[in-house]
Amino acid sequence: VQLQASGGGMVQAGDSLRLSCAASGRTFSVMGWFRQAPGEEREFVAGIRWSTGSTLYADSVKGRFTISRDNVKRMVYLQMNSLKPEDTAVYYCAARDSGVIIRTTRPYEYWGQGTLVTVSS
């Protein structure tokens with residue numbers, strides 16, 4: 001199983017970015033995005049249930065970020081708008097085989113390599 005995240009970069013505050021995560025050859029019950037800033041713990045950003053499309057967001061990104069999926073391509077996206085310097089982090093794609101969207105890292109069995117997002121003021 002392989003998750004390949006891409007789309008990170010360096011932008012200015014207020015700009016937008018779209019992250020992509022490719023799931024090789026299979027689908028999962030839940031896919032999510034986490035992020036980790038330097039010196040901080042990895043935190044939940046957004047998640048989506050593959051079967052229903054239901055979503056969950058961290059309060060810090062609600063209204064600015066949108067998670068979505070493409071069933072055919074087996075891709076998950078994170079559209080990030082109105083980016084702030086505090087959004088700067090390495091963003092990780094994660095997946096779990098069963099259950100519901102969970103905000104903690106432990107239930108997710110699979111992780112991508114991370115993609116860096118840097119937002120300057």
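Computed from a predicted model, the values in this text were never measured in an experiment.
- Side-chain atoms of Y91 and R35 form a donor-acceptor pair, as typed in the model, at a separation below 3.5 Å.
- The closest donor-acceptor contact from the side chain of R103 to the backbone of F44 lies at 3.5 Å or more, if one exists at all.
- Between the side chain of S20 and the backbone N or O of S6 there is no donor-acceptor pair closer than 3.5 Å.
- A continuous path of hydrophobic side-chain contacts links F28 to I48 [ILVMFWY only; heavy atoms under 4.5 Å].
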Inset, instruction - Show your working on side-chain hydrogen bond (donor to acceptor under 3.5 Å, both in side chains) between S16 and N81 and close with a plain yes or no. - result: CA-CA 4 Å; S16 299; N81 298 330; 2.9 Å; yes

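- With rounding to the nearest 0.5 angstrom, the OG1 atom of T27 is 9.5 Å from the CG atom of D97.
- Y108 places a side-chain N or O within donor-acceptor distance of the main-chain N or O of I102, the cut-off being under 3.5 Å.
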Legend entry - Residue pair D59, K62: steps toward the salt bridge (charged side-chain N to carboxylate O under 4.0 Å, His left out) verdict: CA-CA 5 Å; D59 288 344; K62 200 174 296 183; 3.2 Å; yes

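- Nearest heavy atom pair, residue L19 against residue W33, reads CB-CH2, 3.6 Å.
- For the pair W50 and D70, the tightest heavy-atom approach, listed with the atom from each and the gap, is CZ2-O, 3.8 Å.
- The shortest non-hydrogen separation linking F65 to Y57 is O-CE2, 3.2 Å.
- At least one side-chain heavy atom of V117 sits less than 4.5 Å from a side-chain heavy atom of M80.
- Note: S24 OG to L3 CG = 7.0 Å, rounded to the nearest 0.5 Å.
- The closest side-chain heavy-atom distance from M75 to Y77 is below 4.5 Å.
- Under a hydrophobic-cluster definition in which Ile, Leu, Val, Met, Phe, Trp and Tyr are linked whenever side-chain heavy atoms come within less than 4.5 Å, directly or via other members, V45 and V30 are assigned to different clusters.
- Note that CG of L83 and CD of Q12 are 11.5 Å apart. Values are rounded to the nearest 0.5 Å.
- Distance check, rounded to the nearest 0.5 Å: CD1 of I101 to OG1 of T52 gives 7.0 Å.
- Looking only at side-chain heavy atoms (C-beta outward), R49 and V100 come within less than 4.5 Å of each other.
- Annotation for R42 and W111: closest pair NH1-CE3, 3.4 Å, computed over non-hydrogen atoms.
- Side-chain heavy atoms closer than 4.5 Å link hydrophobic residues (I, L, V, M, F, W, Y) into clusters, and following such links, possibly through other members, connects V76 to L17.
- Of all heavy-atom pairs spanning C21 and M31, the tightest one is SG-CE, 3.8 Å.
- Y92 and G112 get closest at one heavy-atom pair: CD2-O, 3.6 Å.
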